[in-house]
A.B. asks: 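To start, I am sharing the structure in question, which I have written as C-alpha cells.
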2 protein chains.
Amino acid sequence: MAQEQKDQVDENFVKEKEAAFAEFIQRKGLKTTRQRNTIISTFFRLRGHISVEELLTEVKKANPRIGYATVYRTLHLLVESNLVDERRFGYGLARYEGHSDVEHHDHMICLECGMISEFFNPRLEALQEKLAEENNFTIFRHRLELYGACQDKEACDRRKNQKAAEAQGA
Amino acid sequence: MAQEQKDQVDENFVKEKEAAFAEFIQRKGLKTTRQRNTIISTFFRLRGHISVEELLTEVKKANPRIGYATVYRTLHLLVESNLVDERRFGYGLARYEGHSDVEHHDHMICLECGMISEFFNPRLEALQEKLAEENNFTIFRHRLELYGACQDKEACDRRKNQKAAEAQGA
DNA sequence: GTCGAAAATGAAAATTGTTTTCGTAATCCA
DNA sequence: TGGATTACGAAAACAATTTTCATTTTCGAC
Ligand SMILES: [Mn+2]
Ligand SMILES: [Mn+2]
Ligand SMILES: [Zn+2]
Ligand SMILES: [Zn+2]
C-alpha cells in the first residue's frame, strides 16, 4: 500500500512536469520529440542532484541511441523553462534538480560522505534582503552552501562506505 | 601625499605577503624561484578578484617568458598557504583574491555591470551556525553569493560602459 | 495524407579552463 | 661546487560542455 501510494505520487509528479514542459515547448514554438520526452520523463523519475552523466546512463536504458548533446540541450530547456535548477557544488560538474514542493532552498554538503541536505529559513532570507538594501542592491537570486561534516559519525561513515562500494561496483 | 601614502601602504602589504609566502615555501621544503617571486609580487599589487589570465598578462610585463603552468602552480601554492582564496562566481573561470584585513566575507554581484561588493554580517554567520546545529552539521566553510543589480542605475551604467570600452580596447 | 520549411538529432570536432608530461634549467645543502 | 631535488615552460592531455554539420523528424499548410 505504502509502496503503491509512493509510486502513485511519483507518477502524478512526473505527469505534471511532462505537461508543464510540453506547454513550454508549445509556447516557444519548438517541436515535441521522442528523445526529449524520454529525457524529461527519465529525469523527473530520478531523485536528488543529478549529473549529466547519471542522467544519460538512465536515458540510455530507454533509448541507447540518445547521446550527450541531446541531454545537454534538453537540460538547458528544462532550466530555461524553470522546471529545473542547475547547481554547482564545489568545483567541476553541474548537477540538476527538479524542484518539487519547495520553491527555493539552500544546501549543506558533507565533505566526508557527500550527503547534501536542504534547508530554507525565512529569517536568513530576510536578513539577506536587509543587507542588500543597505548596499543599495536588489537581489534576483542567491546561492548559499554550507560545507562541513555530519555530526552523526555513524551515519556519515555508513554513507561513505556505501559510496565506496558503489564506486567499486561501477 | 595621499597618493604617496597609498603607495606606501601597498608596499607594506606586498612585503608582508611576500614574507609570509617565503616562510611557507621554507616550511614546505620548496625552493625560492625568480618566477614565483615575480608572480606573487605581481598578484598582491593587483586589487579585486583576479582571473588567471589577468594575472598572467600582468606577470608577462615583468617577465614574458613565464607561462600559464607556472602561474597556475603558484596560485595553488598561494591557496594552500592560505594567503589567497579561490572564488567561483557564476560559472566558468576561477578568480583569486588575497584577503587583506577581513578574514572572511561574502559577495553581492551585479549582473548588469559586474560590480562585486563585499560584506560581512555576524548575525548572518550566527544564523547559519544555528541552522547547521539544528541539522547536526558542523560548518567548515560556506559560500554566499547574492546575484542581482545595483539600485544606482547611473553608477551601474557608468561601470557597464567603462567595461564595454575596455573590452573594445583589448 | 503529402510536402516542405524549420527544427532536432547524433557523432564527431571544437572550445574552454585547467592539469600533466617531459626534457631542460635553476636551486641549494653538504 | 657538485649533484640530488625541485621548478620551469611548451606542448600535450584532460574533462566538461558546446558547436558543427550532414541527416532525420516534426508539423502546419495544402
Ligand atoms: Mn537541492
Ligand atoms: Mn572578495
Ligand atoms: Zn557526512
Ligand atoms: Zn551594477
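We name chains A, B, ... by the order of the sequence lines, and we start the count at 1 in each one. None of the values given here were measured: they were computed from a predicted structure.
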A.B. asks: Using a cut-off of strictly less than 4.0 Å, decide whether His76(A) has a side-chain nitrogen or oxygen near OP1 or OP2 of dT17(D).
C.D. replies: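 For dT17(D), OP1/OP2 do not have a side-chain N/O of His76(A) under 4.0 Å.
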
A.B. asks: Measure the distance from OH on Tyr96(A) to P on dA16(D) and round it to the nearest whole Å.
C.D. replies: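 Result: 13 Å.
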
A.B. asks: Reckon Tyr72(A) has a side-chain N or O less than 4.0 Å from the OP1 or OP2 of dT18(D)?
C.D. replies: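 Looking at the OP1 and OP2 atoms of dT18(D), neither is under 4.0 Å from any side-chain N or O of Tyr72(A).
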
A.B. asks: Using atom CG of Leu56(B) as one end and atom C1' of dT19(C) as the other, report the distance to the nearest whole Å.
C.D. replies: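 Those two atoms, CG and C1', are 16 Å apart.
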
A.B. asks: Choosing from dA10(D), dG10(C), dA8(C), which nucleotide comes nearest the side chain of Ala69(A)?
C.D. replies: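 Given the options dA10(D), dG10(C), dA8(C), the side chain of Ala69(A) is closest to dG10(C).
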
A.B. asks: Give a yes/no on whether any side-chain N or O of Arg95(A) is located under 4.0 angstrom from OP1 or OP2 of dA16(D).
C.D. replies: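 So the side-chain polar atoms of Arg95(A) never come under 4.0 Å of the phosphate oxygens OP1 or OP2 of dA16(D).
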
A.B. asks: If I take atom CD in residue Glu86(A) and atom P in nucleotide dA16(D), what distance separates them, rounded to the nearest angstrom?
C.D. replies: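 Between P of dA16(D) and CD of Glu86(A): 14 Å.
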
A.B. asks: Roughly how many Å is it from OH in Tyr68(A) to P in dT19(D), rounded to a whole number?
C.D. replies: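 Atom OH in Tyr68(A) sits about 18 Å away from atom P in dT19(D).
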
A.B. asks: Take the protein atom CG of Asn63(A) and the nucleotide atom P of dT25(D), then report the distance between them rounded to whole Å.
C.D. replies: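 It is 12 Å, rounded to the nearest whole Å.
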
A.B. asks: What I want to find out is whether Arg123(B) reaches Glu125(B) closely enough, with some N-O distance under 4.0 Å, to be called a salt bridge.
C.D. replies: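 Looking at Arg123(B) and Glu125(B), the cut-off is not met.
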
A.B. asks: About how many Å separate CG of Leu56(A) and CD1 of Ile39(A), when rounded to the nearest 0.5 Å?
C.D. replies: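 With rounding to 0.5 Å, CD1 (Ile39(A)) is 8.0 Å from CG (Leu56(A)).
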
A.B. asks: Pick the nucleotide of DNA chain C nearest each of Ala94(B) and Gly67(A); which residue has the one closer to the 5' end?
C.D. replies: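 This one resolves to Gly67(A).
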
A.B. asks: Closest nucleotide of DNA chain D for Lys60(B) versus for Ile25(B): which of these residues is on the 5' side?
C.D. replies: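 Per heavy-atom nearest nucleotide, the more 5' residue is Ile25(B).
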
A.B. asks: Are any of the side-chain nitrogens in Glu112(A) or Lys153(A) under 4.0 Å away from the carboxylate oxygens of its partner?
C.D. replies: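 Salt bridge: no.
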
A.B. asks: Nearest whole angstrom, please: distance from the P of dT17(D) to the CD of Glu54(A).
C.D. replies: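 After rounding, the reported distance stands at 12 Å.
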
A.B. asks: Quick one: do Glu18(B) and Arg36(B) make a salt bridge, cutoff under 4.0 Å?
C.D. replies: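 Answer for the salt bridge query: no.
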
A.B. asks: Between Arg45(A) and Glu58(A), does any side-chain N to carboxylate O distance fall below 4.0 Å?
C.D. replies: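 Judged by the 4.0 Å cut-off on N to carboxylate O distance, Arg45(A) and Glu58(A) do not form a salt bridge.
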
A.B. asks: Kindly write out the residues that satisfy salt bridge (charged side-chain N to carboxylate O under 4.0 Å, His left out) with Asp157(A), not counting sequence neighbours, or none if the list is empty.
C.D. replies: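 Per chain and number, Asp157(A) pairs via salt bridge (charged side-chain N to carboxylate O under 4.0 Å, His left out) with Lys160(A).
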
A.B. asks: Can Arg95(B) and Glu97(B) be counted as an ion pair, charged N to O under 4.0 angstrom?
C.D. replies: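 Between Glu97(B) and Arg95(B) there is no salt bridge, as every charged N stays at least 4.0 Å from the carboxylate O atoms.
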
A.B. asks: Going 5' to 3' through nucleotides 22-30 of chain C, assign each nucleotide B (protein heavy atom under 4.0 Å from a base atom), S (under 4.0 Å only from sugar-phosphate atoms) or - (no protein heavy atom that close).
C.D. replies: -----BS--

A.B. asks: Using whole Å, what does the distance between atom P of nucleotide dT26(D) and atom CZ of Arg36(A) come to?
C.D. replies: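 After rounding, the reported distance stands at 11 Å.
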
A.B. asks: Round to a whole Å and report the spacing from CG of Asn37(A) to C1' of dT25(D).
C.D. replies: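 Taking CG of Asn37(A) and C1' of dT25(D), I get 13 Å after rounding.
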
